[in-house]
Amino acid sequence: MSIRFHVDSLAAQRFAQAVGDLNPAYFNLEAARDAGHPGLVAPPTFVTSQNSWTDGPPEAELFFDGVNPGRFPGAVSPEATLMGGSQEVDLRRNVYQGEDLDIEVAAVDRYVRDTSRGQLTFFVVEATFRDVAGEVVVVARDTVVTAPRA
Amino acid sequence: MRAERADTLGPLRKRPSEITLFRFSAATWNAHRLHYDAPFAMTEGSAAPLAQAYLFGAYLAQLIQEWGGSGARLARLDYRSRRPITVGTELVCTGRVVQWRGEQADLELEITAGDQRCVEATATAMVPA
């Protein structure tokens with residue numbers, strides 16, 4: 001099942017402002033066209049940085065630490081601390097503000113490692129973003145790490 | 001290297017503040033308390049709220065775009081957090097060109113805090129001549 005995500009212009013521009021990345025192609029249509037773009041560009045990692053591509057669950061359905069159970073299916077639980085891992089993003093073309101993307105998310109790997117910080121579990125989750133023509137635009141492979149709470 | 005483009009990227013200096021973390025969490029719909037709730041962060045073993053890993057990806061994308069210019073396009077970014085970064089940490093984002101293949105630049109990137117390497121990355125950018 002895919003998720004339809006609208007690349008909202010205001011949301012993309014707020015993302016850029018939060019980062020402090022004031023590339024004119026994100027904010028000014030004339031500047032974007034001068035740089036050869038058909039429209040305003042979304043920051044490259046805007047769509048792959050989202051914690052939810054929907055309105056998300058009600059607050060009562062978040063874990064006590066605020067983690068969204070649905071972002072990394074099977075990976076997160078209230079008993080584990082979620083730690084940032086890594087992300088590999090393959091961008092086939094620019095994402096443009098105002099377009100719609102269909103996103104499919106799949107868990108692709110899970111493994112455990114014993115480390116100096118105890119036993120860590122690594123989850124690999126892949127999100128594929130397609131445009132309305134069905135062409136793959138972006139593929140993001142996240143590796144998230146969880147550790148048991150002390 | 002190509003004559004019209006430097007073979008080093010940056011430095012791009014960042015200092016993610018409480019406001020940065022709040023706005024980035026809001027812009028990504030991320031309610032994880034680790035990024036804004038200091039007492040909670042302490043219960044998780046951190047002295048202060050932690051910056052979001054995705055924020056580093058966005059910093060690196062900015063580094064590449066500012067180096068490559070308005071016509072450049074990020075084609076691949078692979079980044080890994082090596083240590084947590086607490087709010088208020090002074091960060092320096094840098095990189096270098098590993099090789100050119102026509103208009104394609106293969107890059108190595110890092111984000112450091114003082115003498116500590118916090119994030120390491122490789123990337124590919126398409127940079128029209």
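Keep in mind that the numbers below use all heavy atoms, side chains included, and drop hydrogens, waters and symmetry copies. Keep in mind that what you see is a predicted model, and the values were worked out from it rather than measured. All chains are named by letter (A, B, ...) in the order of the sequence lines, taking the proteins before the strands, and each is independently numbered beginning at 1.
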Top contributor to chain A contacts, counting heavy-atom pairs under 4.5 Å, from B:His35, B:Met126, B:Arg80, B:Arg73: B:Arg73
Heavy atoms from other residues, nucleotides or ligands near CD1 of B:Ile19 exceed 12 (cutoff 6.0 Å): no
Top of B:Pro84, B:Ser81, B:Gly71 for chain A proximity - count of heavy-atom pairs under 4.5 angstrom: B:Ser81
Toward chain A, the part of B:Phe24 with a non-hydrogen atom under 4.5 Å: both
Contact summary for A:Gly98 and A:His6, nearest pair of heavy atoms: O-CE1, 3.2 Å
Pairing of A:Asp131 and A:Arg93 as salt bridge, 4.0 angstrom limit: yes
Heavy-atom neighbours of B:Gln99 CD exceed 12 at 6.0 Å: yes
Best-contacting candidate, A:Val139, A:Asp90, A:Asn94, against chain B by heavy atom pairs under 4.5 angstrom: A:Asn94
Portion of A:Pro43 that has a non-hydrogen atom of chain B nearer than 4.5 angstrom: neither
Atom CD of B:Glu18: over 12 foreign heavy atoms under 6.0 Å: no
Any side-chain heavy-atom pair of A:Leu40 and A:Gln13 under 4.5 Å: yes
Pick from B:Lys14, B:Arg82, B:Arg33 with the largest number of heavy-atom pairs that fall under 4.5 Å of chain A: B:Arg33
Top contributor to chain A contacts, counting heavy-atom pairs under 4.5 Å, from B:Ala75, B:Gly45, B:Ser70: B:Ala75
Aromatic contact, A:Phe46 with A:Phe15 (centres under 6.0 Å): yes
Taking every non-hydrogen atom, the tightest pair across B:Trp67 and B:Ala125: CZ3-CB, 4.5 Å
Contact listing (chain A partner; residues 52-66 of chain B; heavy atom under 4.5 Å): B:Ala53, B:Tyr54, B:Leu55, B:Gly57, B:Ala58, B:Tyr59, B:Ala61, B:Gln62, B:Gln65
Interchain contact, A:Gln17 with chain B, by part (heavy-atom threshold 4.5 Å): both
Heavy-atom proximity to chain B below 4.5 Å, by part of A:Asp34: neither
B:Phe22-B:Tyr36 aromatic ring centre distance below 6.0 Å: no
Distance-only polar pair, side chains of B:Tyr79 and A:Gln87, donor-acceptor under 3.5 Å: yes
Distance-only side-chain donor-acceptor flag, B:Thr20 / B:Ser17, under 3.5 Å: yes
Segment of A:Thr143 engaging chain B (4.5 angstrom heavy-atom cut-off): neither
Within 6.0 angstrom of A:Tyr96 OH, more than 12 heavy atoms from elsewhere: yes
Exercise: do A:Thr121 and A:Arg113 side chains pair donor with acceptor under 3.5 Å: no
Portion of A:Ser86 that has a non-hydrogen atom of chain B nearer than 4.5 angstrom: both
Contact residues of residues 62-69 of chain A (partner chain B; heavy-atom separation under 4.5 angstrom): A:Leu62, A:Phe64, A:Asp65, A:Gly66, A:Val67
Side chain / backbone / both / neither for A:Arg92 at chain B, heavy atoms under 4.5 Å: backbone
